[in-house]
Amino acid sequence: MDYSSLARKYGTPLYVYDFNEIQKNFIALKEVFAARKSLVCFAIKANSNLSVLKFLSDLGSGFDCVSIGELRRALYVGAKSYKIIFSGVGKQDGELEFALKSDILLINLESEAEMLRLERIAQKLNKPARISIRVNPNVDAKTHPYISTGLNENKFGVNIETARKMYIYAKKSKFLNPVGIHFHIGSQLTDISPICDAAKIVSDLLRELRALEIDIKFFDVGGGIGIRYEDEKQIVLYDYAQGILKSLSGLDVTIVCEPGRFIAGAAGVFLTRVLYEKQNCGKRFVIVDGAMNDLIRPSLYGAHHAIEIIGASEGINLNEPDASEVNLGSRGEDQTSGSDADQKNLGGVNLAETSLCDVVGPICESGDFLAKGVSLPSLQSGDLLAIKSAGAYGFSMSSNYNTRCRAAEVAVYDGQDRLIRKRESFDELIALEKDLV
Ligand SMILES: *Cc1c(COP(=O)(O)O)cnc(C)c1O
């Protein structure tokens, strides 16, 4: 992909999404469950852009929403209501009412209190609610604590005993129709065994419920499939599917999954330009025009995103060992190369001479960095960097901190680029305040 010309055409900082890659990921996941009834519900929180959602909806995707805003985004792009599920640990009355009226597939409940609340609302509207309960199987997803959700100590879901009680209550209620069971143990999982363990635990409960004539039709395994940011092990989709299906033998259920990162993560890059280089007491900083308000994952989770340097010629992936002898994106000990090393030039960037640096944004926080301790060549003002695998939890987590206008977003499909979100202007940024001063 020609990042240089996209950056020239749309400016930086800029998010670019490869829609062919999104399509490929969606289809791969759909196909791996092809032998079963299945529904792939894209987790909107990972990338909420309307054009991304419309594209996925046209491919047949359903949606996992965690707020009324996300639900309205899905409906706005014409998603089928029977392919929408609504999750979240703190749904408000108005949200539950809207979801009920929208006649979506499932409302995922996360507490007894929420169930009683929904029952009252359903009664008021005289409209029984199709529900599913998020069960916390108490397995350790072995991921970052901020994105691990399957242990009893987390705020999400209810334990097995509570779930059992809730299902029995719901079965007796005129206004609750328990048709689904749900778990989601965490994000960026690189190993299938926690998911398989969870599937086993939850499917055992499902069998128990069926014996009580509680007819669960949807088995929702959540999201969480990890992607490769650095050198993580990657889940093999076939093994993932087989690991889940193993628990479901003899059960006629529709499998629902809620991938976010897996669909959009590797399909996106964040383009940012170098403003300056500086040394503080011997420590090297590359200051760029993108910041933690645009991409907060490094600051929030200590996440690593590979960095590709885009030269004036064309982007060469410097993180692929065979693309260059210098592994520019990797972390490591001081590895300043000698000047007699082969001089490689990429659009004026000398690739042979690298040194450790932090890539930081202009925001007034020490936590504002896009990469720490990475080995990069000497860079000049205007050089373009591509921060890789930024298609999920990138723009959707962005903010206006430091009164920075949010970045633009571009889609590339079959070689054609298209603006899918305009760069925010200062007027738009202050729109809700300016008449109130
Ligand atoms: C965040 C979330 C997802 C998506 O997680 P990914 O790791 O992006 O696949 C799916 N389901 C629920 C309930 C979530 O909270």
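Keep in mind it's a predicted model, so treat the numbers as computed, not measured. Numbering of ligands and ligand atoms starts at 1, following listing order. Counting from 1, the numbers follow the sequence of the chain as shown.
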Practice item. State which residues pass side chain to side chain contact (heavy atoms under 4.5 Å, CB included) with I201; sequence neighbours excluded, sorted by chain then number. Key: P137, V139, I160
Review point. Is it true that atom NZ of K127 has more than 12 heavy atoms of other residues, nucleotides or ligands lying nearer than 6.0 Å?
Key: yes
Check your understanding: So is Y393 close enough to ligand 1, meaning a heavy atom under 4.0 angstrom away?
Key -> yes
Practice item. Please say whether G224 places an N or O atom under 3.5 Å from an N or O atom belonging to ligand 1. Key: yes
Review point. Do any nitrogen or oxygen atoms of D64 lie less than 3.5 angstrom from nitrogen or oxygen atoms of ligand 1?
Key: yes
Exercise for review: Examine the proximity of ligand 1 to H184 and report which part, side chain or backbone, both or neither, has a heavy atom under 4.0 Å away.
Suggested key: side chain
Study note, to complete from the structure: Tightest non-hydrogen contact, residues N47 and L53, listed as O-CD2, 3.7 Å
Point to revise | Proximal atoms of ligand 1 relative to R261 (non-hydrogen, under 4.0 Å) | key: 6 (P), 8 (O), 9 (O)
Review point. Numbering the atoms of ligand 1 from 1, which are under 4.0 Å from a heavy atom of A43?
Key: 3 (C), 4 (C)
**Study point:** For atom 15 (O) of ligand 1, the option (of E258, Q188, K45) bearing the nearest heavy atom
**Key:** K45
Practice item. Please verify whether a non-hydrogen atom of V66 lies at under 4.0 Å from ligand 1. Key: no
Practice item. If the plane angle is over 60° it's perpendicular, under 30° parallel, otherwise tilted; pick one for F19 and F55. Key: tilted
Check your understanding: Is the backbone N or O of S425 less than 3.5 Å from a side-chain atom of E428, with the two atoms forming a donor-acceptor pair by type?
Key -> yes
Point to revise | Which residues share a ring-ring contact (aromatic ring centres under 6.0 Å, His included) with Y10, sequence neighbours left out | key: none
Point to revise | Polar contact flag, side-chain donor to acceptor under 3.5 angstrom, N177-R130 | key: no
Review point. Any N or O of G186 that comes nearer than 3.5 Å to an N or O of ligand 1?
Key: no
Check your understanding: Taking only heavy atoms of P259, which atoms of ligand 1 are found under 4.0 Å from at least one of them?
Key -> 9 (O)
Point to revise | Min N/O separation R134 to ligand 1 under 3.5 Å | key: no
Point to revise | 4.0 Å heavy-atom contact, A392 with ligand 1 | key: no
Review point. Is it true that a side-chain atom of R210 and a backbone atom of I216 form a donor plus acceptor pair closer than 3.5 Å?
Key: yes
Practice item. May I ask you to check whether Y169 and E119 show a side-chain donor-acceptor distance below 3.5 Å? Key: yes
Exercise for review: Could you find the nearest protein heavy atom to atom 7 (O) of ligand 1 and give me its residue, atom name and distance?
Suggested key: S187 OG, 2.3 Å
